Colleague: 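Right, I'll just put the structure down here and ask away after.
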Amino acid sequence: MSRPFKLYLLSYNSLLALGWTLSLFKILSNFSLTKSVSGTYASAGELICFLQTIAFLEVIHGAIGIVPSGVLFPLMQWGGRTHFLLAVVRGINEVQKLPSVFITFVAWSLSEVIRYLHYAINSTGNPPYWITYLRYTAFIVLYPIGVAPGEMWLMYQALPFIKAKNLYADFFAFLPFSYYTFVVILLIFYPFLWLKLYLHLFKQRSSKLLNQHKKKKN
C-alpha cells in the first residue's frame, strides 16, 4: 500500500476511534450524573449518527481495494446499523429514552473504540498481539448484546409508533407494502443476516489470531 493511503487510513481510523471514545464518555457521564439511561440519545445520539454515517467510507475503502474487507459485509453492517439509527431511533422521538438505546450505544461504542484503535495501529505496521486479540474477541460478547436486547428489541418496541404514525408513508407509497411491514419482515430475517456477519467474524478471528501468533513466535 502506498504511503498516502497508509497516512489516510491512520488519520481516518484514529479520528473514528476518538469519536467513539467521546461518545462512550458522553453516555457514561450522563448515566453517572443522572443515574438514568433515558438521556442516552440526548447525550450522544447526534454524534453517533454522524460517526455511523461517515462510516460508509469503509464500503468505499473495500470497493477500491485499499483494505481487504471487500464490499458485501461492510455494506451489510453499515446498512443495518444506519437504518436502525437514522430511520428508527432518530426518526421516532418516543423510543429515544428506552433502555435499548443505552444498551445498543454502549455495545457499539466499546466495539468501535477497539476496532478503530486496532485499525489505526495496524496501518502503521504490525499491531501488538493484545490489541489484535481484543479486536477479534470482544465482539463475541458485544455483538449479541448490541443486536438482541439492543437493536432488535428497540425495533420491536418501535412498531406501534411506526404503525400509528404511518411512518415514511410518502416513500413507501410507491411500494406494495408499508414501512411497518418492512420492519416486521426485517425483524424476522434480522437474526439470520446478523448470524452471517457473526460467523464471518469468527472466520476472521481464526485467521487473524493464527497469523499474529505465527508472527509472535518468529
Side-chain angles (χ1 to χ4, degrees), residues 16 19-20 23 27 37-63 69-112 115 139 141-202:
L16 268 291
W20 283 103
S23 75
I27 293 165
V37 299
S38 62
T40 298
Y41 185 85
S43 65
E46 291 305 309
L47 173 59
I48 290 176
C49 286
F50 172 74
L51 294 171
Q52 181 56 37
T53 301
I54 63 172
F56 183 73
L57 287 170
E58 290 159 43
V59 180
I60 299 174
H61 296 165
S69 61
V71 174
L72 178 60
F73 289 106
L75 183 60
M76 285 176 64
Q77 184 174 34
W78 182 85
R81 281 189 172 189
T82 303
H83 164 261
F84 166 81
L85 186 58
L86 300 185
V88 180
V89 183
R90 194 171 190 268
I92 306 172
N93 293 333
E94 291 86 347
V95 304
Q96 291 175 4
K97 294 184 178 182
L98 295 176
S100 293
V101 175
F102 176 81
I103 293 168
T104 304
F105 282 8
V106 169
W108 282 11
S109 296
L110 285 170
S111 63
E112 296 300 56
R115 185 168 73 95
F139 81 88
V141 174
L142 292 175
Y143 274 33
I145 291 173
V147 169
E151 297 170 45
M152 289 189 66
W153 181 236
L154 188 134
M155 283 193 286
Y156 176 77
Q157 291 174 297
L159 285 174
F161 302 108
I162 293 170
K163 191 172 187 178
K165 296 182 177 186
N166 196 16
L167 210 61
Y168 310 122
D170 290 342
F171 179 83
F172 280 82
F174 304 99
L175 298 172
F177 53 87
S178 65
Y179 180 63
Y180 175 85
T181 304
F182 170 78
V183 174
V184 170
I185 294 170
L186 181 62
L187 281 170
I188 293 170
F189 285 98
Y190 215 77
F192 303 102
L193 296 170
W194 171 80
L195 185 61
K196 187 175 180 67
L197 286 170
Y198 196 53
L199 294 176
H200 174 70
L201 284 172
F202 270 101

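Note that the coordinates shown come from a computational prediction; the quantities given were computed from them, not determined experimentally.
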Colleague: With a 4.5 Å limit on heavy-atom distance, are the side chains of Ser111 and Phe139 in contact?
Modeller: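 Not in contact.
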Colleague: Is the ring pair Phe202/Tyr198 parallel, tilted or perpendicular, if the boundaries are 30 and 60 degrees?
Modeller: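 Answer is perpendicular, since the angle exceeds 60°.
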Colleague: Answer whether the closest heavy-atom distance between the side chains of Leu98 and Val95 falls below 4.5 Å.
Modeller: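 The answer is yes; the side chains approach within 4.5 Å.
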Colleague: Quick one: does Ser23's side chain get under 4.5 Å of Phe105's, heavy atoms only?
Modeller: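 Not touching, per the 4.5 Å side-chain cut-off.
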Colleague: For the residue pair Pro144 and Trp194, establish whether any side-chain heavy-atom pair is separated by less than 4.5 Å.
Modeller: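 Yes, at least one pair of side-chain atoms sits under 4.5 Å.
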Colleague: Please tell me if the side chains of Val89 and Phe84 come closer than 4.5 Å, counting only heavy atoms from C-beta onward.
Modeller: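 In short, these two side chains touch, coming nearer than 4.5 Å.
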Colleague: Should we say atom NZ of Lys196 is surrounded by more than 12 heavy atoms from elsewhere, each under 6.0 Å from it?
Modeller: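 No.
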Colleague: Specify whether Trp153 and Tyr156 have parallel, tilted or perpendicular ring planes, treating 30° as the upper limit for parallel and 60° as the lower limit for perpendicular.
Modeller: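 Trp153 and Tyr156: parallel rings.
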Colleague: Counting heavy atoms not belonging to Arg90, are there more than 12 under 6.0 Å from its CZ?
Modeller: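 No, because the 6.0 Å sphere around CZ of Arg90 holds 12 heavy atoms or fewer from other groups.
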Colleague: Would you say Phe177 has more than 12 foreign heavy atoms packed within less than 6.0 Å of its CZ?
Modeller: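 Enclosed.
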Colleague: Could you check whether any side-chain heavy atom of His83 comes within less than 4.5 Å of a side-chain heavy atom of Phe182, counting everything from C-beta outward?
Modeller: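 Result yes, sub-4.5 Å side-chain heavy-atom pair found.
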Colleague: Indicate yes or no: at least one non-hydrogen side-chain atom of Glu94 is less than 4.5 angstrom from one of Lys165.
Modeller: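 Answer yes - side chains close enough.
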Colleague: Are the side chains of His61 and Ser69 in touch, meaning some heavy atoms are under 4.5 Å apart?
Modeller: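 They are not in side-chain contact.
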Colleague: Is the number of heavy atoms from other residues, nucleotides or ligands under 6.0 Å of Asp170 CG greater than 12?
Modeller: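 Count not over threshold, so no.
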Colleague: Are side-chain N/O atoms of Glu151 and Trp108 paired as donor and acceptor at under 3.5 Å?
Modeller: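 A donor-acceptor contact under 3.5 Å links the two side chains.
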